[in-house]
Amino acid sequence: MSAGAHRFDPTTLREYDVRGVIGDTLSAADGAAIGRAFGTLVREAGGRAVAVGYDGRLSSPMLEEAVVRGLTACGLTWKRIGLGPTPMLYYAVYELGCDGGVQITGSHNPPEYNGFKMMIGHGPFYGEQIKRLGDIAARGAYATGTGTTERHDLIERYVARLAADYRGGRALTVVWDAGNGAAGPAMALLAGRLPGRHVLLNEVVDGTFPAHHPDPTVEANLVQLKDAVAREKADLGIAFDGDGDRIGVIDQGGRVLWGDQLLALLARDVLSDKPGAIVIGDVKASKGLFDEIARLGGKPLMWQSGHSLIKAKMKETGAPLAGEMSGHIFFADRFYGFDDALYAAVRMLSLAANSRDSVGALRDQLPVFVNTPELRFPCSEARKFAVVDEVKARLKSAGADVTDVDGVRVKTADGWWLLRASNTQDVLVARCEAKDQAGLERLKQLLIGALTPSGIEPPKF
Ligand SMILES: [Zn+2]
């Protein structure tokens with residue numbers, strides 16, 4: 001290896017980001033190499049300035065220092081925006097005129113994790129680009145130069161931008177839960193700018209996540225929010241993941257609005273302004289979402305799960321709105337097209353404030369199917385993609401109706417079931433949806449039957 005060459009732990013270079021366990025697979029040396037290799041790619045693309053921010057994890061300031069050290073050695077200007085949610089970093093790339101951005105974040109993972117989400121130009125940095133970053137580091141083939149660092153305090157400006165798109169109506173009572181993640185301070189400022197009554201939970205950043213895990217897609221993490229919504233007789237509750245790019249919403253009765261339901265409601269608002277527009281949902285979403293988009297006069301488009309892939313598809317198709325079951329919601333309508341959970345909250349609150357119906361009643365107007373939640377079952381990094389390929393091959397040879405835009409989504413007379421390998425965790429993800437309970441049971445049996453020959457123990461459901 002040449003001087004400065006660096007090898008990352010191979011498990012850390014992932015499809016959409018770089019992620020690992022501090023003190024095990026991720027260190028300050030990795031941070032510096034990310035900085036130098038990413039900076040080299042930005043220089044190669046003709047860029048001069050990069051924004052860098054970090055989340056509330058205990059190891060984040062250390063990794064930020066390391067990244068900036070690596071980047072400065074590339075001869076770039078580094079605009080440090082400090083602690084904040086990932087979407088504030090994306091916002092900085094646009095508003096500070098940067099050619100890329102790096103957010104140090106472990107997203108919704110346990111406290112010992114950390115990682116890097118990157119953006120180059122105004123697009124996501126993922127897939128082959130992350131592989132190239134690894135190659136540059138391994139060869140030590142870095143750009144060199146003398147960099148400069150600027151500090152920008154952006155939070156007030158960012159929150160003002162979010163609040164500017166609020167469209168008032170009736171006054172709401174809202175409970176917000178940041179789960180002690182990086183969205184807390186911006187959430188508190190945003191709530192302070194909106195009309196109505198706002199109750200804040202876990203708004204203080206704490207990288208040990210003392211209240212609960214900051215992942216609103218797991219219903220157990222919403223117990224505190226549900227209790228507070230009931231106690232305060234609130235109209236709705238809103239929760240964010242650890243870095244503020246995923247949202248969870250509950251209605252006044254404590255029922256969860258899953259990502260596809262949220263997207264179906266938000267699509268009403270967007271499609272009334274932009275009739276006939278494309279709205280993108282991920283392959284895990286309910287048939288009800290795609291039916292609803294079509295009913296509203298929009299063009300439904302099913303695409304691969306993964307925030308980077310959805311953002312790229314939005315750019316390609318000009319879709320003003322997209323979303324994932326995981327709670328990433330992307331607005332290009334009046335906004336930048338990135339996944340900002342705080343912005344999605346502003347749009348959801350505008351919708352609720354302007355509706356005569358409660359959030360629960362809006363939820364009940366959506367098409368009803370019976371479905372399983374997202375079923376996750378452990379499968380090694382080495383096996384997970386192979387298992388999906390094996391299942392796909394068996395289904396195709398049996399003549400099943402299979403969509404393979406991402407994993408396998410199998411249509412039957414009862415409904416559909418999905419199996420895909422998670423790109424971010426060592427799990428296989430499955431979901432079944434049918435018109436009725438008997439159909440759902442049949443689909444579950446098909447799923448189990450499809451997995452057994454690959455030696456996969458099905459989850460309990
Ligand atoms: Zn996140």
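We count ligands from 1, going down the list as the structure has it; atoms in each ligand are counted the same way. Any value given below was found using the heavy atoms of this structure, including those in side chains, with hydrogens, waters and symmetry copies removed.
- Under 2.8 Å from the Zn ion (ligand 1), one finds the following protein N/O/S atoms: Ser107 OG, Asp241 OD2, Asp243 OD1, Asp245 OD1.
- Once rounded to the nearest 0.5 Å, the distance linking CD1 of Ile81 with SG of Cys98 reads 9.0 Å.
- For Trp78, there are no ring pair (Phe, Tyr, Trp, His ring centres under 6.0 Å) partners two or more places apart in sequence or in a different chain.
- Arg80 and Glu65 are joined by a salt bridge, as a carboxylate oxygen and a charged side-chain nitrogen come within less than 4.0 angstrom of each other.
- The two residues Leu428 and Ala421 make their nearest non-hydrogen contact at CD2-CA, 4.0 Å.
- Using modelled atom types and a 3.5 Å distance limit, the side chains of Asn109 and Ser107 yield no donor-acceptor pair.
- Classified by interplanar angle (parallel below 30°, tilted 30° to 60°, perpendicular above 60°), the ring pair Tyr336/Tyr91 is perpendicular.
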